[in-house]
Amino acid sequence: PLAPHPGTQAGRARAWNPQIPPAEFEHRFIATRARLSERRWDFIVVGAGSAGCVLASRLSQDPKVQVLLIEGGGEAQNARIIKDPRNATRLVGCEADWGFRSTPQPQLLPSGRILDLERGKGLGGSSCLNYNMWVRGAPEDFDRWNKEYGCGEEWSYAGVLPHFEAIERCTAGSSEGAVAAPAGRGSSGELSPQTPWPPPPEIGAFLESAELHGIPQTGDYNGPGGQAGSGLVEQSVDKARTRADAFNTFVEPYLRTRPNLAVASEGFVRRLVFDGTHCVGVEVQLNDGSLTEVRASSEVILSAGALQSPQLLMLSGVGDAKALASLGIPLVADVPAVGQHLQDHPVIPVPFTLPDNLADEFGVESIPTGTSGLNGIAFWKTEVDKQRDQGRGSESGCDMETILVSRFDPGLLVKVVVSKAEAWLSNIRSGSRPWTERAVVRLGRWLSQTEAVKKDIARTMYVATEYNHPISRGTVALRSADPLAPPLVDCAWVRDPSDLDAMVESVKKMREMLRTGPLAKFVGDMQALPGIHSTFASGPAPFFEASDAQLRDFVRHAVGTTWHYSCTARMGAPDAPLSEAALDPRLRVRGVTGLRVADQSVTPFVVSANTNASSMMIGDKAAKLILQDHRLGPFREVRSAL
């Protein structure tokens, strides 16, 4: 037997920052040889995240179809720290996170900075770790998938809208803050997006300040009117205002009534099994280290996310032929697009502390339950993006998504603590060994227990902007032929100069919102801004007076990830070069049979939104395509009234 894999109980014991008590892990679905071989499977879905849970749920609507949903991680989806959305900041590096890291990034500051790349490990996947924001994406995104990337009408806005609607259950507005259900919103799905209730008092000031600076209040950014404008953030929470993760929402309710749907946790898929170029199953490592092979009579579908789905393809011989040969991996299909075209949404946080006269009034107690603290949102376009639209000759969604982040629990780490930790670490180590964000966060958590820092955290807010249209492209590659070795992830943020220009424009917009208008009264000390003084090449300067050159340094220093990895096994026209598209528009892996991918890695370019909603849409869409191709059904589909 091999050593325990990273998803097992033994693997959890090595977590750097334990947060989830072992007693709160369930053990209902642990993968065993008997469980995996108890029946003949028609479909095997690898990965129980946002897309995989929806996909398995929809495929199993036909009682004749035998579906196995297999997950490498454990069962922490009901742990208390995960169920409360306010704990989102505490989950980076916990036992439900795979704990990946980027390669050194020379274009960032300090040069060679290494980033921690959160990825959900367990039933529910990253929907157990994310910030619960429910954002579909701009209609223009999907129309571009159709027209510019050859993905067909199935992937146009009209083609994907019924699948968003099939997921949602939007009810009439009420005192509990439920979202209204206009045309274009679903009314019979499993997930009920809700806005924060009662809205925190600073939200009104944020929305008024956004309007003052050219971003009008439009309300429903997920509706048919498009996303441009500002409003309250929709949250993916349940009726009790606890986290509505993908497993508890789309799989758990059906397990008693669908004997054809089986779940296996802590079953680490090491590679795909091929008969020639036909995928017939998966090789699974169990939590005792033993290996077993599980077969699918129809198809295997990878829903392991945009880092691990391409990793599995390459480990199994599907990828760039030269790269695979260098690692001694036998070639099954030469598909160079696998692992290429990585996109993410870089984010720039601008923290500030409340003035003394408001610090007590707007304390932590005023944060509404059922939110992760991200309550106000504004979508807008930079001049950089408008020029790109003109050059391309087509409209796109909003490239900037500005969010107001309310106060956090005083025991949590926020950027003010990271700033203190970075200052300390820079004094005791320098040179070519950069500190990882993980090391900084670990020290920051220790610092956050001091009374002075707790006071700072309790009065800290953010305005943060997510950059939705990066030009820079990264890669996911194999570190070795060992399935347990984490992938090599090169994020490549702001490597393209125009990305840096756009992000500087976003910082200037946030600066104006903080300086003038209703939001200004909430701004006390800007000295907490992490790194902005220490990284100015020309020396210290007040944030509100910093030059563009200084703000470029700030962006390179402060930019972080939103964990929205995408496009690493993207779809495209059936005749697209294999270097450009790994899948056809029906999500079938090119060059082989019996194998599809259904998660964020399939997107031609990353949507102008947080990616949880579109991942679920992709799972719903994939189920329709699969059942159509195999002439199975019925498929429960909501037809849009639009």
Side-chain angles (χ1 to χ4, degrees), residues 16-17 92-93 97-119 306-307 311 323 339-349 413 415-445 447 464 467 470-480 485-504 507 529-540 546 549-565 568:
W16 73 275
N17 184 34
V92 177
D97 178 7
W98 285 104
F100 296 144
R101 300 180 188 178
S102 74
T103 58
Q105 300 293 295
Q107 77 281 10
L108 302 184
L109 292 175
S111 181
R113 181 151 63 100
I114 296 171
L115 309 159
D116 287 312
L117 307 176
E118 188 179 47
R119 279 290 82 191
L307 302 185
Q311 182 188 23
Q340 301 299 305
H341 311 292
L342 172 66
Q343 285 188 280
D344 188 11
H345 290 145
V347 64
I348 292 290
L413 172 71
K415 283 289 185 181
V416 64
V417 184
V418 172
S419 181
K420 297 175 187 295
E422 286 176 328
W424 186 13
L425 292 176
S426 65
N427 291 329
I428 60 176
R429 183 196 287 178
S430 60
S432 59
R433 273 185 78 200
W435 289 100
T436 67
E437 291 191 354
R438 180 162 304 213
V440 173
V441 169
R442 193 170 189 176
L443 175 59
R445 288 195 189 281
L447 288 174
Y467 179 37
I471 298 297
S472 305
R473 299 290 190 272
T475 59
V476 175
L478 295 181
R479 190 178 301 269
S480 71
L488 289 169
V489 183
D490 180 6
C491 300
W493 293 337
V494 300
R495 215 167 267 174
D496 188 287
S498 67
D499 288 344
L500 196 53
D501 292 340
M503 297 192 80
V504 167
V507 173
L529 195 63
I532 191 164
H533 304 293
S534 61
T535 59
F536 284 166
S538 58
Q550 290 170 323
L551 292 180
R552 291 170 78 87
D553 286 343
F554 169 59
V555 168
R556 293 170 63 205
H557 183 278
V559 65
T561 177
T562 51
W563 308 290
H564 297 166
Y565 323 113
T568 50

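What you are looking at is a predicted structure, and each value in this text was computed from that prediction instead of being measured. Below, all heavy atoms of this structure are taken into account, side chains as well, without hydrogens, waters or symmetry copies.
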Atom OH of Tyr565 and atom CD of Gln343: how far apart are they, to the nearest 0.5 Å?
14.0 Å
Indicate the atoms forming the closest heavy-atom contact of Pro349 with Ala558, along with that distance.
CD-O, 3.6 Å
Report the residues that fulfil side-chain contact (heavy atoms from CB on, under 4.5 Å) with Pro487, sequence neighbours left out, ordered by chain and then residue number.
Phe100, Gln311, Val476, Val489
Short side-chain to backbone donor-acceptor contact, Thr562 and His345, under 3.5 Å:
yes
Smallest heavy-atom separation, Ile348 atom then Met503 atom, equals CG1-CE, 3.4 Å
Under the side-chain contact (heavy atoms from CB on, under 4.5 Å) criterion, do Tyr467 and Val559 qualify, and how do the steps go?
CA-CA 10 Å; Tyr467 179 37; Val559 65; over 6 Å; no
Spatial distance of atom CG (Leu307) from atom CG (Leu342) [nearest 0.5 Å]
7.0 Å
Applying salt bridge (charged side-chain N to carboxylate O under 4.0 Å, His left out) to Asp490 and not counting sequence neighbours gives Arg495
State the CG-SG distance between Leu108 and Cys491, to the nearest 0.5 angstrom.
8.5 Å
Spacing of Leu488 atom CG and Ser102 atom OG [to the nearest 0.5 Å]:
10.5 Å
Indicate yes or no for a side-chain donor-acceptor contact from Arg113 to the backbone of Gln107 under 3.5 Å, with no hydrogens or angles considered.
no
Smallest separation among heavy atoms of Arg101 and Ile114, with atom names:
CB-CG2, 4.1 Å
Just by distance, do the side chain of Gln105 and the backbone of Thr103 share a donor-acceptor pair under 3.5 Å?
yes
Do you know which two heavy atoms are closest between Thr568 and Ala306, and how far apart they sit?
OG1-O, 2.6 Å
Atom CG of Asp501 and atom CD1 of Ile471: how far apart are they, to the nearest 0.5 Å?
11.5 Å
Quick one: closest heavy-atom pair of Ala485 and Ser480, and the distance?
CB-OG, 3.7 Å
Side chains of Trp493 and Thr561: does their closest heavy-atom pair fall under 4.5 Å?
yes
Heavy-atom closest contact (Val555 atom, Val507 atom, distance):
CG2-CG2, 3.9 Å
Using the test salt bridge (charged side-chain N to carboxylate O under 4.0 Å, His left out), find all partners of Asp344 that sit at least two apart in sequence or belong to another chain.
none
Electrostatic pair Asp496:Arg473 at N-O distance under 4.0 angstrom
no
What is the distance from atom CH2 of Trp563 to atom CD of Glu118, rounded to the nearest 0.5 Å?
5.0 Å
